[in-house]
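Order of appearance sets the numbers: ligands from 1, and atoms from 1 within every ligand. The figures that follow rest on heavy atoms only: side chains count, while hydrogens, waters and symmetry mates do not. None of the values given here were measured: they were computed from a predicted structure.
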Amino acid sequence: MRLVFLGAPGVGKGTQADRVTAQFGWPKVSTGDLLREAVRKQTELGIEAKKSMDAGKLVPDTVVIGMVREKLAEPGCQNGFVLDGFPRTVPQAEELQRLLHARGLNIDRVINFRVSREDVIRRLSGRRSCPQCQSVFHLDFAPPKVSGQCDRCGTALVQRSDDKPETIEARLKVYDEQTAPLIAYYQTKGLLSDLDGSGEMAAVYGRLSAVLLGLGAQ
Ligand code: AMP
């Protein structure tokens, strides 16, 4: 199944995408993770992208589209994928459609995660991430077993530079202005399913997997 996870930063798209991958096997394709990896490796693209990311702004469409095109061509993505954080603009959505259509494919469903603004801010400001393996924790809702240390690889956890309060505000503004229009865009195409993303991670996953099973996922 080819899925797009849509929603403001901090609604839990990445966490839920990991669970979908674990249950159904479709890989998560996160443009945020791919960009952070490029920043960590200090590639030319990473050095350039870091400026936009630190300011809470979007990286240019051409850059992310190129990354997604390469990723979706990989053998692991041939039976489906979960796009997390892409598309984030209407031009990105149009390009995604073009590149899938060229291969006779389509997006099966767009899941729109809905969470109150207050909860989004609480989730983002308590988030701690592993710079090594990209695992994500939360100081209150999903603390690591050993304080400050990644459960999976033991690396010291960090607060993403774009999870600082000033940047959170900028990212939410960018979401409202550039990404939220995708809700109407996919609604018109009859592809959108709204999902209540509030509450415990397990409860959200229960609602999400019910939607996916209802669509025939196995
Ligand atoms: P995320 O981890 O999805 O919150 O992404 C972190 C940052 O990476 C965003 O604030 C943007 O600067 C950049 N980014 C991720 N995905 C995209 C995208 N589809 N288009 C443009 N910029 C992106």
Side-chain angles (χ1 to χ4, degrees), residues 3-18 20-21 27-43 45-72 81-100 107 110-113 115 117 119-138 157-183 185-186 197:
L3 300 169
V4 167
F5 281 8
L6 194 62
V11 293
K13 303 184 296 290
T15 306
Q16 296 297 330
D18 284 335
V20 168
T21 302
K28 168 170 98 168
V29 177
S30 158
T31 41
D33 284 352
L34 292 172
L35 287 165
R36 278 184 290 279
E37 179 73 5
V39 170
R40 203 172 57 85
K41 289 187 177 154
Q42 299 210 316
T43 65
L45 185 155
I47 292 166
E48 197 50 41
K50 189 174 187 313
K51 296 178 205 153
S52 309
M53 294 167 81
D54 283 349
K57 296 198 178 127
L58 295 185
V59 170
D61 285 343
T62 46
V63 173
V64 274
I65 288 165
M67 280 183 352
V68 169
R69 186 183 292 121
E70 257 179 44
K71 199 76 199 167
L72 297 190
F81 49 77
V82 186
L83 281 169
D84 161 24
F86 181 94
R88 251 176 162 100
T89 63
V90 171
Q92 289 181 15
E94 286 170 344
E95 192 53 38
L96 173 64
Q97 181 171 320
R98 259 195 296 277
L99 78 90
L100 289 177
I107 289 295
V110 176
I111 308 289
N112 180 37
F113 288 77
V115 173
R117 200 40 67 96
D119 279 353
V120 157
I121 293 170
R122 197 173 317 135
R123 287 183 188 184
L124 286 174
S125 40
R127 180 158 72 175
R128 295 294 179 272
S129 312
C130 174
Q132 187 62 38
C133 73
Q134 315 266 6
S135 294
V136 178
F137 302 85
H138 191 282
L157 299 177
V158 295
Q159 181 173 38
R160 274 170 48 176
S161 54
D162 59 350
D163 279 347
K164 308 255 158 77
E166 331 67 88
T167 321
I168 289 176
E169 205 178 305
R171 289 164 71 202
L172 292 175
K173 187 159 178 275
V174 165
Y175 167 79
D176 289 339
E177 290 173 1
Q178 301 191 54
T179 308
L182 288 176
I183 297 173
Y185 174 90
Y186 281 122

Atom pairs, nitrogen or oxygen, ligand 1 to protein, under 3.5 angstrom:
unit_1: ligand 1; atom_1: 2 (O); unit_2: R36; atom_2: NH1; d: 2.9
unit_1: ligand 1; atom_1: 2 (O); unit_2: R36; atom_2: NH2; d: 3.0
unit_1: ligand 1; atom_1: 2 (O); unit_2: R160; atom_2: NH1; d: 3.4
unit_1: ligand 1; atom_1: 2 (O); unit_2: R160; atom_2: NH2; d: 3.3
unit_1: ligand 1; atom_1: 3 (O); unit_2: R88; atom_2: NH1; d: 3.0
unit_1: ligand 1; atom_1: 3 (O); unit_2: R88; atom_2: NH2; d: 3.2
unit_1: ligand 1; atom_1: 4 (O); unit_2: R88; atom_2: NH2; d: 3.2
unit_1: ligand 1; atom_1: 4 (O); unit_2: R160; atom_2: NH2; d: 3.3
unit_1: ligand 1; atom_1: 4 (O); unit_2: R171; atom_2: NH2; d: 3.1
unit_1: ligand 1; atom_1: 12 (O); unit_2: K57; atom_2: O; d: 2.6
unit_1: ligand 1; atom_1: 16 (N); unit_2: T31; atom_2: OG1; d: 2.8
unit_1: ligand 1; atom_1: 16 (N); unit_2: G85; atom_2: O; d: 3.4
unit_1: ligand 1; atom_1: 16 (N); unit_2: R88; atom_2: NH1; d: 3.0
unit_1: ligand 1; atom_1: 19 (N); unit_2: G85; atom_2: O; d: 2.9
unit_1: ligand 1; atom_1: 19 (N); unit_2: Q92; atom_2: OE1; d: 3.0
unit_1: ligand 1; atom_1: 20 (N); unit_2: Q92; atom_2: NE2; d: 2.9
unit_1: ligand 1; atom_1: 22 (N); unit_2: V59; atom_2: N; d: 3.0

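- Shown here are the side-chain contact (heavy atoms from CB on, under 4.5 Å) partners of K51, two or more places apart in sequence or in another chain: E48.
- Every residue two or more places apart in sequence or in another chain that forms a side-chain contact (heavy atoms from CB on, under 4.5 Å) with V59 is listed here: L35, A49, S52, M53, V63.
- Using a cutoff of 4.0 Å between basic side-chain nitrogens and carboxylate oxygens, R117 and D176 are scored as salt-bridged.
- Applying the side-chain contact (heavy atoms from CB on, under 4.5 Å) test to R171 and every residue at least two apart in sequence or in another chain returns P9, L124, R127, R160, D162, D163, T167.
- At a threshold of 4.0 Å, the pair E169-K173 does not count as salt-bridged, since none of the basic side-chain nitrogens sits closer than that to a carboxylate oxygen.
- A salt bridge links D119 with R122: the distance from a Lys NZ or Arg NE/NH1/NH2 to an Asp or Glu carboxylate oxygen falls below 4.0 Å.
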